[in-house]
Q: 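My structure is below; once you've seen it, I'll send some questions.
Computation of the quantities below employed the complete heavy-atom set of this structure, encompassing side-chain atoms and omitting hydrogens, waters and symmetry-equivalent molecules. So that the names make sense, note that chain A is the first sequence line, chain B the second, and so on, each numbered from 1.
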Amino acid sequence: MKIATWNINSVRLRINLVIKFLKEHDIDVLCLQETKTQDEQFPVQALAEAGWPNIAIRGEKSYNGVAILSRLPLTDISHLNWTGRTDCRHISGVVKGLTLHNFYIPAGGDEPDIDKNPKFSHKLNFIAEMTKHFSQQQPSRSILVGDLNIAPLAEDVWSTRQLRNTVSHTAIERKNLLALVEQGGWTDSVRAHFGPKEVLFSWWSYRARDWVASNRGRRLDHIWVSRDLASKVEAVTIESAMRGAEKPSDHVPLTITLQS
DNA sequence: ATGGCAAATTGAATTTGA
């Protein structure tokens, strides 16, 4: 089974790119973030006609929004409201006995100071709740994917020194995300696959004149598996070429192939 | 510490992203 995650930055704008990706990469399940679309406007018909009729969506106008698209039966669709908000940052479901958690963790604003910046405290509170949740319910037969908006390791950014005070790579975020992996019972399957030394990015800013030449990326998107699944991972890919598509998202898809 | 952009919404300017 091949599962992918992608922050699409508007699913309505990029539905044709999504369908092309699903077909060309033979994807069974795609988890999307930042769909930015109310449920009644989600392009379910185009996806069903393309061969992905099993869809779980949780969207709102303009911001956030997550979805799971599957060509296999998708059951047990559910969600949790993290930090007491209903802002469409999580959806879960079950495919072939595997529980999928799809997250869009808050970006956290500009200033990495919880006293001055409520968006940053929201982000840290969100991670703290996730850590508590998965510590109390250790996952099994589970996969957690999404735009987690943190690049935890030095090898996950173009310059760990220049980004040390930039939200997504501050010491507290890095430490807390690694604690969530550890205490939550997860394995970072992308890092495990490529090894500790390889520099890996999943996001490149729209602001660069030439994203390839400047290559100032960060690994903000993740695929984690519960530890019982770690030995079942057959392949992992980062589809960097998608950043070069016409009208691209600023994030690229990641995929994992699990023995089934 | 920032930013050369992009998207959605509302209707040229604002908010948000990271």
Q: Among dG4(B), dG3(B), dA7(B), which nucleotide sits nearest the side chain of Arg218(A)?
A: dG3(B)

Q: On a heavy-atom basis, which atom in Ser168(A) and which in Leu220(A) lie closest, and how many Å separate them?
A: CB-CD2, 3.9 Å

Q: Give the rounded distance in Å between these two atoms: CZ of Arg209(A) and C1' of dT2(B).
A: 14 Å

Q: Distance check, C1' atoms only: dG11(B) and dA7(B), in whole angstrom units.
A: 16 Å

Q: Using OP1 and OP2 only, check whether a side-chain N or O of Asn7(A) sits under 4.0 Å from dA18(B).
A: yes

Q: Where the side chain of Lys61(A) is concerned, which of dA6(B), dG4(B), dT9(B) is the nearest nucleotide?
A: dT9(B)

Q: How long is the line joining CD1 of Ile105(A) and C1' of dA18(B), in whole Å?
A: 14 Å

Q: To the nearest angstrom, how far is Asn117(A) atom CG from dA18(B) atom C1'?
A: 12 Å

Q: Round to a whole Å and report the spacing from NZ of Lys247(A) to C1' of dA6(B).
A: 7 Å

Q: Using a 4.0 Å heavy-atom cut-off across all strands, classify Ser205(A) as base, sugar-phosphate, or nothing.
A: nothing

Q: Nearest to the Arg14(A) side chain among dA8(B), dA7(B), dA18(B), which nucleotide is it?
A: dA7(B)

Q: Please report the distance separating the P of dA1(B) from the corresponding atom of dC5(B), rounded so that it comes out in whole Å.
A: 23 Å

Q: Roughly how many Å is it from CG in Asp110(A) to P in dT16(B), rounded to a whole number?
A: 11 Å

Q: Under 4.0 Å, heavy atoms only, any strand: does Tyr104(A) hit a base, just the sugar-phosphate, or nothing?
A: sugar-phosphate

Q: If you compare all heavy atoms of Phe201(A) against all heavy atoms of Asn215(A), which two are closest, and at what distance to 0.1 Å?
A: CE1-O, 3.5 Å

Q: Ignoring hydrogens and angles, answer whether the base of dG3(B) and the side-chain atoms of Arg207(A) contain a donor-acceptor pair closer than 3.5 Å.
A: yes

Q: Can you find a side chain N or O atom of His251(A) that sits less than 4.0 Å from OP1 or OP2 on dA18(B)?
A: yes

Q: Pick from Lys2(A), Arg71(A), Lys96(A): which one makes a side-chain hydrogen bond (donor to acceptor under 3.5 Å, both in side chains) with Asp28(A)?
A: Arg71(A)

Q: May I ask you to say what Lys123(A) touches in the nucleic acid, namely base, sugar-phosphate or nothing, with a heavy-atom cut-off under 4.0 Å?
A: nothing

Q: Taking atom CG of Leu13(A) as the centre, report whether more than 12 heavy atoms of other residues, nucleotides or ligands fall under 6.0 Å from it.
A: yes

Q: Among the nucleotides dA1(B), dG17(B), dG4(B), which one has an atom lying closest to any side-chain atom of Arg89(A)?
A: dG17(B)

Q: Classify Ala107(A) by what it touches in the nucleic acid, base, sugar-phosphate, or nothing, heavy-atom distance under 4.0 Å.
A: sugar-phosphate

Q: Give the rounded distance in Å between these two atoms: CZ of Arg243(A) and P of dA18(B).
A: 13 Å

Q: Which residue, Ser168(A) or Gln41(A), contacts DNA chain B at a nucleotide closer to its 5' end, judged by nearest heavy atom?
A: Gln41(A)

Q: Tell me which of Thr166(A) and Asn64(A) sits closer to the 5' end of DNA chain B, going by the nucleotide each one is nearest to.
A: Thr166(A)

Q: Check whether any side-chain nitrogen or oxygen of Arg216(A) sits under 4.0 Å from OP1 or OP2 of dC5(B), and answer yes or no.
A: no

Q: Given dA18(B), dG4(B), dG17(B), identify the nucleotide with an atom nearest to the side chain of Lys119(A).
A: dG17(B)

Q: In whole Å, what separates the P atom of dT2(B) from that of dA13(B)?
A: 25 Å

Q: Looking at every heavy atom in both Ile8(A) and Glu34(A), which two are closest together, and how far apart are they?
A: CG2-O, 3.8 Å

Q: Taking the side chain of Leu13(A) as heavy atoms from C-beta outward, which of dA7(B), dA1(B), dT9(B) is closest to it?
A: dA7(B)

Q: What is the distance, to the nearest angstrom, from the NE2 atom on His169(A) to the C1' atom on dT2(B)?
A: 16 Å

Q: Mind checking if Asp210(A) touches a base, just sugar-phosphate, or nothing, with heavy atoms under 4.0 Å?
A: nothing

Q: To the nearest angstrom, how far is Glu60(A) atom CD from dA7(B) atom C1'?
A: 15 Å

Q: Please confirm whether the shortest side-chain N or O distance from Asn165(A) to OP1 or OP2 of dA1(B) is below 4.0 Å.
A: yes

Q: Taking any heavy-atom pair under 4.0 Å as a contact, classify Arg164(A): base, sugar-phosphate, or nothing.
A: nothing

Q: Counting any heavy atom closer than 4.0 Å, what does Asp221(A) reach on the DNA or RNA strands: base, sugar-phosphate only, or nothing?
A: nothing

Q: For the residue pair Thr237(A) / Thr255(A), report whether a side-chain donor-acceptor contact shorter than 3.5 Å exists.
A: yes

Q: Which heavy atom in Arg174(A) sits nearest to a heavy atom in Pro152(A), and how many Å separate them?
A: NE-O, 2.8 Å

